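Beneath this line is the structure, given in structure tokens, with notes to follow.
Because the structure is predicted, anything quoted here is derived from the model rather than measured. The residues of the chain are indexed from 1 along the displayed sequence.
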Amino acid sequence: MDEFGLDETLSDEEMMTAAGVLKSLEEAWLNEKLSPEILPHKIEQVDCMMEQIHHMEENLKKLDKNDFRVGLHKLELDRIRYLITSYLRTRIDKIETFTLKILEDEQLREPSERYLSQGEMAFAKEYISNMNTHFKSLFAGMPESLQDLHTNQIMIKPNLESHLFVKAKGSVQGVIVDDGENREEEVSLDENSQHILPYNAISEFVKNGKVQLL
């Protein structure tokens with residue numbers, strides 16, 4: 001085990017090390033920050049790093065307070081805490097912004113394939129319930145034509161056509177891009193190549209880990 005306690009092997013099927021989980025979570029955080037839509041949750045990685053934080057805190061207690069490594073430990077702990085907090089906060093912001101669209105999409109997915117964690121799903125349902133209660137009280141004294149708003153009239157949707165910087169983590173085949181003249185073109189991305197592409201052309205490759213948003 002290294003001095004930061006980040007090389008313990010996990011007991012999951014992939015047998016990833018904690019350092020590997022941290023790297024995976026860092027990539028997920030960056031993708032979540034840059035993606036216009038909410039991405040499949042990485043709650044397992046978050047839980048794993050929360051356990052590592054506890055483990056590192058226990059290691060800190062074993063060190064002399066004058067040991068120079070204490071400062072390094074604390075810096076690493078602060079970095080991991082910031083990463084987890086920012087990742088979860090970004091997802092909550094998206095849930096609050098696109099609640100109706102996210103819940104609508106989640107209903108079309110199998111439980112095992114849903115993008116929200118159980119906690120996020122509970123939050124989204126409570127949030128929309130509170131919003132419905134608020135709107136009902138707000139519209140109570142207004143004309144009936146304004147009270148009868150359809151869901152699709154107030155649903156905010158992410159802009160999936162926005163262009164983003166991407167990096168191919170490996171060779172990627174079958175990227176379908178609109179050439180701007182209502183024609184589709186299939187392109188390939190070389191490993192480590194960087195591009196500016198519309199999100200909807202590479203969204204699935206972001207989710208399966210073949211490309212990284214920059």
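Annotation: Gln173, atom CD; neighbour count of heavy atoms from other residues, nucleotides and ligands within 6.0 Å is above 12. Annotation for His163: atom NE2 counts as buried by contact number, over 12 foreign heavy atoms lying within 6.0 Å. Counting heavy-atom neighbours within 6.0 Å of Gln118 CD, excluding the residue itself, gives a total of 12 or less. Around CD of Glu161, the count of heavy atoms belonging to other residues, nucleotides or ligands within 6.0 Å does not exceed 12. The neighbour count for Lys169 NZ, taken as heavy atoms of other residues, nucleotides or ligands under 6.0 Å away, is above 12.
Among the candidates Lys42, Glu26, Lys33, the single residue satisfying the side-chain contact (heavy atoms from CB on, under 4.5 Å) test with Tyr87 is Lys42. With Leu197 as the fixed residue, the side-chain contact (heavy atoms from CB on, under 4.5 Å) test singles out one of Val177, Val211, Leu164: Val177.
Using modelled atom types and a 3.5 Å distance limit, the side chains of Trp29 and Thr90 yield no donor-acceptor pair. There is no side-chain donor-acceptor pair under 3.5 Å between Tyr115 and Glu120.
Electrostatic pairing of Glu32 and Lys94 counts as a salt bridge here, judged by a charged N lying under 4.0 Å from a carboxylate O.
Without hydrogens or angle criteria, Arg114 side chain to Gln107 main chain gives no donor-acceptor distance under 3.5 Å. Distance alone, capped at 3.5 Å, is enough to place a donor-acceptor pair between the Thr85 side chain and the Arg81 backbone. Glu106 places a side-chain N or O within 3.5 Å of a backbone atom of Leu116 that can act as its donor or acceptor partner.
Counting heavy atoms from C-beta on, the side chains of Glu58 and His55 never come closer than 4.5 Å.
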